[in-house]
Undergrad: 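Mind looking over this structure? Questions follow.
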Amino acid sequence: MRIIVHKARCQGHARCSAQAPDVFRLDDEGYILPGDIEVGEGEQLLASRGARSCPERALELDRTPAARG
Amino acid sequence: MAVNPVPDHVPPEMVRDFSLFTSPGMAPTPNGDPHAAVACVHSGPPIFYSPCNTRDGRGTWVVTRATDQRRVLQDAETFSSHRSIFSSALGESWPMIPLELDPPAHGVFRSLLNPLLSPKRVVVLEPKVRERAITLIDRIAASGTSCDVMKDFAFPFTVSIFLRLLGLPDHRLDTFVGWAKDLLHGDDVKRPAAAQTIVAFIDELATKRRKEPADDFMTFIVQAQVERRRLTEEEVRGIGVLVFVAGLDTVAAAIGFGLAYLARNLKDQDLLRREPDRIVLAAEELLRAYPTVQIIRVATKDIDFEGAPIRKGDYVSCATMIANRDPAEFECPNTVDLAREDNRHAAFGYGPHRCLGSHLARREIVIGLEEWLARIPAFRIKKATAPITSGGHVFGIENLILDWS
């Protein structure tokens with residue numbers, strides 16, 4: 001699974017990293033680091049919860065076959 | 001309260017008799033439930049015009065759906081924050097910073113202040129926060145089986161943390177809380193007087209820290225640089241006043257509303273006490289159900305928004321308590337479900353102005369609930385007492401007398 005990060009939409013709520021701190025890394029101001037995120041097998045549940053907790057809709061789950069790859 | 005006439009461009013059929021200030025349940029009410037009282041707007045149109053929906057009696061558009069509020073709050077170009085809500089009480093027009101600045105100036109100050117209240121920084125502050133909560137609650141537990149949670153815990157807890165952050169002494173806590181009450185809930189006489197007092201106090205503190213630096217927030221501000229220059233006196237004041245005002249009232253109210261819910265719902269109270277791991281998630285749900293702030297923007301241009309002919313200069317209200325009860329966003333929005341997931345609530349707003357203090361506020365609420373539940377046995381609202389709640393610009397709870405005898 002891959003998470004598409006719409007960095008420009010991030011407003012630093014940090015709800016994602018509260019759910020899954022190892023998946024969603026923040027900068028010193030508390031905003032998401034740029035770049036899409038490849039999620040490992042064991043982290044999928046927490047990662048999708050984290051993505052779904054973003055109030056700004058800045059994190060998009062990509063479940064296309066290529067992303068599952 | 002003076003009521004302005006409805007502007008000509010507002011279609012009469014879009015005007016509704018609703019206001020966060022004057023609708024039923026908004027005045028101070030014993031055993032009131034102002035959040036439930038405003039949730040009734042969801043049976044009506046998604047956007048309407050309220051002729052009297054600010055403290056000074058101005059009309060606003062009211063955006064009810066969470067998705068539409070996101071659109072407004074994420075679009076700072078069309079919907080400006082510059083309202084001088086505080087300084088206008090003094091007949092002045094300087095902005096509270098960063099709250100009342102628009103991008104790009106907003107981002108400059110936001111970047112300056114973000115690290116001071118970031119999630120990482122809050123981890124560093126946490127032990128002191130917890131220590132403060134434990135001290136207060138132990139004192140309450142040792143002195144009897146009843147207390148007024150607002151006066152004895154919620155206010156002293158939240159305000160002292162933030163006073164320490166600002167570098168202010170605890171012994172003036174009651175004075176500061178008094179100023180905040182007059183400012184946020186006072187009448188036309190008390191409000192400007194409190195504003196004057198707070199400005200003078202912040203100016204004086206800034207002067208002091210310029211001469212005698214300390215390890216605190218105000219010293220950081222007077223020494224800080226943006227765009228390779230020191231901040232102006234007005235900018236220092238704008239930041240100082242915002243941090244002072246924002247920290248004084250809202251977190252205490254959130255803890256009060258949360259504990260009032262638990263006092264009335266013993267099953268949930270018992271569950272959280274037995275399984276404290278649930279408190280982090282539960283705190284989000286309590287924030288969803290009982291947020292405290294109405295956010296207002298000013299239209300910078302004419303725009304037709306979801307059928308509403310918004311014109312330049314119109315006020316647009318995004319009340320967090322309305323978005324958080326939107327049935328299109330939340331299943332059974334009027335039911336508190338402490339295990340609710342997918343809880344993208346708006347208690348701290350949406351968009352670039354997302355509450356700067358939200359990470360600290362969250363930790364205070366979680367720690368407050370954890371330590372309270374760990375130390376106080378099953379509690380209820382004391383017989384023959386009634387918490388007084390109110391609506392308005394900032395929703396509040398004045399008193400909450402609990403009993404665990």
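Please read all numbers here as calculations on a predicted model, not as lab measurements. Letters go in sequence order (proteins before strands), and every chain restarts at 1.
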Undergrad: Please look at B:R362 and chain A and tell me whether the side chain, the backbone, both or neither of the residue comes under 4.5 angstrom of a heavy atom of that chain.
TA: side chain

Undergrad: Could you tell me if B:R325 sits above the aromatic ring of B:F330, with its cationic atom closer than 6.0 Å to the ring centre and no more than 45 degrees from the axis?
TA: no

Undergrad: Applying a criterion of heavy atom separation less than 4.5 Å, what residues of residues 337-351 of chain B form contacts with chain A?
TA: B:E341, B:D342, B:N343, B:R344, B:H345, B:G349, B:Y350, B:G351

Undergrad: Checking A:R15 against chain B: side chain, backbone, both or neither under 4.5 Å from a heavy atom?
TA: side chain

Undergrad: For the residue pair B:V108 and B:E227, what are the closest heavy atoms and their distance?
TA: CG2-OE2, 3.9 Å

Undergrad: For A:C10, is it the side chain, the backbone, both, or neither that has a heavy atom closer than 4.5 Å to a heavy atom of chain B?
TA: neither

Undergrad: Counting only heavy atoms not in B:E275 (residues, nucleotides, ligands), do more than 12 fall under 6.0 Å from its CD?
TA: yes

Undergrad: By the definition side chain to side chain contact (heavy atoms under 4.5 Å, CB included), identify the one residue from B:I365, B:V251, B:L117, B:L116 that meets it with B:L360.
TA: B:L117

Undergrad: Please classify the contact between A:R9 and chain B as side chain, backbone, both or neither, with a heavy-atom cut-off of under 4.5 Å.
TA: neither

Undergrad: Give a yes-or-no answer on whether the side chains of A:E29 and B:S118 include a donor-acceptor pair shorter than 3.5 Å.
TA: no

Undergrad: Using the side chain to side chain donor-acceptor pair (under 3.5 Å) rule, take B:T78 and B:D75 through it: C-alpha gap first, then chi angles, then the decisive distance, then the call.
TA: CA-CA 6 Å; B:T78 311; B:D75 179 3; 2.7 Å; yes

Undergrad: Decide side chain to side chain donor-acceptor pair (under 3.5 Å) for B:E364 and B:T158; before the verdict, give the C-alpha distance in whole Å, the side-chain angles of both, and the deciding distance to 0.1 Å.
TA: CA-CA 7 Å; B:E364 288 180 43; B:T158 57; 4.9 Å; no

Undergrad: Pick whichever of A:G30, A:A18, A:S53, A:S17 has the most heavy-atom pairs under 4.5 Å with chain B.
TA: A:S53

Undergrad: Quick one: list whatever passes ring pair (Phe, Tyr, Trp, His ring centres under 6.0 Å) with B:F305, sequence neighbours left out.
TA: B:F79

Undergrad: What part of B:P119 gets closer than 4.5 Å to chain A, counting heavy atoms only: side chain, backbone, both or neither?
TA: side chain

Undergrad: Set out, in order, the CA-CA distance, both residues' side-chain angles and the distance that settles side chain to side chain donor-acceptor pair (under 3.5 Å) for B:S358 and B:R354, then state yes or no.
TA: CA-CA 8 Å; B:S358 61; B:R354 186 267 310 161; 3.0 Å; yes

